[in-house]
Amino acid sequence: MSFSAADYGFMARALQLAQRGLYTTTPNPRVGCVIVRDGEIVGEGWHEKAGEPHAEINALRRAGAKALGATAYVTLEPCSHFGRTPPCADALIEAGLSRVVAAMGDPNPQVAGRGLDKLRAAGIAASAGLLCREAEELNIGFISRMTRGRPWVRLKVAASLDGKTALNNGNSQWITGPDARRDGHRWRARSCAMLTGIGTVRDDDPQLTVRDIPASRQPLRVVVDSRLETPLNARILEGGGVLIAAATEDAKRIAALEQRGAEVVVLANGQGKVDLRRLLEELARRGVNEVMAEAGFKLNGSLLREGCVDELLIYQAPVLLGDAARGMFNLPELTELSGKRELKVLERRMVGDDLRILARFA
């Protein structure tokens with residue numbers, strides 16, 4: 001399928017609109033829609049929040065009667081099933097559109113090509129694949145949940161130039177500057193859940209909330225705490241929205257934590273630790289698309305060893321902390337360089353005085 005320069009331009013606009021739902025659509029995907037008639041945009045819309053109208057419906061409402069015979073550019077295949085809202089494919093058919101261009105097919109097994117098939121059966125020229133890669137990046141967590149049954153996991157680390165994340169006594173606040181910390185809150189805001197470990201809760205007493213930028217919702221906060229050692233006065237327990245993953249059935253401790261508003265799930269592996277893969281599956285079951293882990297070097301290492309990390313988000317400050325300080329990841333010693341894990345750096349950017357690196361495993 002070939003697309004014109006105008007097609008690319010209108011889909012790029014639809015992707016811009018989809019970006020507006022970056023922080024708000026979870027557990028739904030971020031979707032934008034542009035309706036064009038005779039070369040002019042007659043309606044635009046994006047999905048703003050789960051349970052509210054989808055992007056196509058918002059665009060159709062703005063287009064009104066001008067949608068008849070028009071082309072819709074939508075960043076994700078229109079849905080064909082009844083969820084919280086009626087099928088968008090039906091609405092596009094009823095509006096009398098002549099053509100629908102989707103950036104990508106819907107990975108949801110309930111849709112998976114059925115939306116485009118329904119449009120074609122109604123006589124609408126329907127195609128997909130225009131700016132597909134950009135659309136996939138926007139919904140990388142949703143795709144992961146639908147195709148792998150687990151969220152996309154982004155491991156965030158703030159480190160010194162010599163790769164240290166905390167002093168030997170656990171003190172880590174603050175290695176990076178205020179600009180980098182504010183930028184980190186933007187990544188928090190797009191995440192469905194924040195993940196940390198009991199060591200970080202004890203050492204730093206974090207809130208793990210979005211604070212430095214405006215936020216209409218807070219991500220679920222998840223603590224990996226095998227022995228249920230989270231202090232009852234920990235700041236992370238304030239305000240609810242906390243899930244504690246444990247490996248022990250201590251009814252008294254569970255009751256005390258639940259009294260503080262936390263939910264406890266027991267997911268033990270054979271070593272008496274939290275089964276991290278099962279935890280990710282549990283989060284996916286709860287509709288979590290993207291997880292950002294902000295933990296210490298022990299949990300960071302465990303997440304990496306167990307294949308639970310998809311992406312590294314590293315902020316490196318121009319400071320040195322020395323050999324005795326704690327590293328980024330608690331990983332076993334390599335005796336051969338052939339055992340190294342290779343990464344593909346997607347982005348390098350200065351954020352204030354600190355370097356931000358976004359990398360994925362090759």
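Quantities reported herein were computed from a predicted structural model and do not represent experimental measurements. Atoms considered below: every heavy atom in the structure, side chains included; atoms not considered: hydrogens, waters and symmetry mates.
- Within a 6.0 Å sphere centred on CZ of Arg217, heavy atoms belonging to other residues, nucleotides or ligands number more than 12.
- Ion pairing between Arg360 and Glu311 holds under the 4.0 Å rule for side-chain N and carboxylate O.
- Ion pairing of Arg285 with Glu282 is present here, as a side-chain N (NZ or NE/NH1/NH2) and a carboxylate O approach within less than 4.0 Å.
- Residues Arg341 and Phe361 are in side-chain contact: their nearest non-hydrogen atoms beyond the backbone lie under 4.5 Å apart.
- In terms of heavy atoms, Ala126 sits closest to Leu119 at CB-CB, 4.0 Å.
- Using a 4.5 Å heavy-atom cutoff, the side chains of Ile254 and Leu228 are in contact.
- A donor-acceptor pair under 3.5 Å is absent between the side-chain atoms of Ser191 and the main chain of Val291, judged by distance alone.
- Of the charged side-chain nitrogens involved, none lies within less than 4.0 Å of a carboxylate oxygen, so that Arg154 and Glu294 do not count as a salt-bridged pair.
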Report the C-alpha separation of Asn139 and Arg30 in whole Å, then their side-chain angles, then the decisive distance to 0.1 Å, and conclude whether the side chain to side chain donor-acceptor pair (under 3.5 Å) test is met. CA-CA 6 Å; Asn139 284 307; Arg30 300 137 181 162; 4.7 Å; no

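- With hydrogens and angles ignored, the 3.5 Å screen pairs no side-chain donor or acceptor of Asp183 with any backbone N or O of Ala180.
- Taking the six-membered ring for Trp and thresholds of 30 and 60 degrees, Tyr73 and Phe10 have ring planes inclined between 30 and 60 degrees apart.
- When the shell of 6.0 Å around CG of Asn169 is examined, it contains more than 12 heavy atoms from other residues, nucleotides or ligands.
- Within the 4.5 Å cutoff, the side chain of Asn300 has no heavy atoms near those of the Thr165 side chain.
- Look at Asp225 and Arg253 and you find no salt bridge, because none of the NZ, NE, NH1 or NH2 atoms lies under 4.0 Å from a carboxylate O.
- Considering CG of Leu299 and CG of Leu276, their distance stands at 6.5 Å, rounded to 0.5 Å.
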Give the intermediate values and the outcome of salt bridge (charged side-chain N to carboxylate O under 4.0 Å, His left out) for residues Arg62 and Glu44. CA-CA 7 Å; Arg62 291 180 174 91; Glu44 293 185 333; over 6 Å; no

Given side chain to side chain donor-acceptor pair (under 3.5 Å), test Ser160 with Asp162 step by step and report yes or no. CA-CA 5 Å; Ser160 62; Asp162 53 347; 2.3 Å; yes

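- Gln316 has its side chain within reach of Ile357: a pair of non-hydrogen atoms, C-beta onward, lies under 4.5 Å apart.
- Exactly one residue among Thr200, Leu208, Val201 makes a side chain to side chain contact (heavy atoms under 4.5 Å, CB included) with Asp204. That residue is Thr200.
- No side-chain heavy atom of Leu161 sits less than 4.5 Å from a side-chain heavy atom of Pro318.
- Looking at Glu77, its side chain does come within 3.5 Å of a backbone N or O of Gly115 through a donor-acceptor pair.
- No donor-acceptor distance shorter than 3.5 angstrom exists from the side chain of Glu281 to the backbone of Gly149, with no hydrogens or angles considered.
- Taking a 6.0 Å sphere around CG of Asp353, one finds it holds 12 or fewer heavy atoms contributed by other residues, nucleotides or ligands.
- Look at Asp179 and Arg182 and you find a salt bridge, because one of the NZ, NE, NH1 or NH2 atoms lies within 4.0 Å of a carboxylate O, short of that distance.
- With values rounded to the nearest 0.5 angstrom, Phe297 atom CZ is found 5.0 Å from Asn330 atom CG.
- With hydrogens and angles disregarded, a donor-acceptor distance shorter than 3.5 Å links the side chain of Ser144 to the backbone of Arg150.
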After noting the C-alpha distance and the side-chain angles of Val224 and Ile198, does the key distance pass the side-chain contact (heavy atoms from CB on, under 4.5 Å) rule? CA-CA 6 Å; Val224 176; Ile198 181 58; over 6 Å; no

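- If you take SG on Cys33 and CG on Leu92, they are separated by 6.5 Å, rounding to the nearest 0.5 Å.
- With a 4.5 Å cut-off on side-chain heavy atoms, Leu138 and Leu22 count as touching.
- Two residues are said to be in side-chain contact when any heavy atoms from C-beta on lie closer than 4.5 Å; Met292 and Cys192 fail this criterion.
- Taking a 6.0 Å sphere around CD of Glu347, one finds it holds more than 12 heavy atoms contributed by other residues, nucleotides or ligands.
- Proximity of a side-chain donor or acceptor of His185 to a complementary backbone N or O of Arg211 within less than 3.5 Å is detected.
- The pair Arg133-Glu137 fails the salt-bridge criterion, with no side-chain N (NZ, NE, NH1 or NH2) lying under 4.0 Å from an Asp/Glu carboxylate O.
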Applying side-chain contact (heavy atoms from CB on, under 4.5 Å), run through Met328 and Ile314 and close with a yes or a no. CA-CA 10 Å; Met328 295 188 193; Ile314 298 175; 4.2 Å; yes

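- Considering every non-hydrogen atom in both Asp310 and Trp152, the closest pair reads OD2-CA, 3.4 Å.
- Leu283 is listed as a side-chain neighbour of Leu220, based on a closest heavy-atom distance under 4.5 Å.
- Note on Asp212 versus Arg188: no salt bridge recorded, every NZ/NE/NH1/NH2 to OD/OE distance being 4.0 Å or above.
- In terms of heavy-atom proximity, Gly45 sits nearest to Asn58 at CA-CB, 3.9 Å.
- Trp187 and Leu313 get closest at one heavy-atom pair: CG-CD2, 3.6 Å.
- A donor-acceptor pair under 3.5 Å is formed between the side chain of Asn269 and the backbone N or O of Gly272.
- Salt-bridge annotation for Arg190 and Glu290: present, with a side-chain N of the basic residue lying under 4.0 Å from a carboxylate O of the acidic one.
- Looking at every heavy atom in both residues, Ala135 comes nearest to Leu15 through CA-CD2, 3.9 Å.
- If you take CD on Glu48 and CG on Asn28, they are separated by 12.5 Å, rounding to the nearest 0.5 Å.
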Working for salt bridge (charged side-chain N to carboxylate O under 4.0 Å, His left out), residues Arg326 and Asp203: CA-CA 13 Å; Arg326 299 178 184 178; Asp203 290 343; 3.2 Å; yes

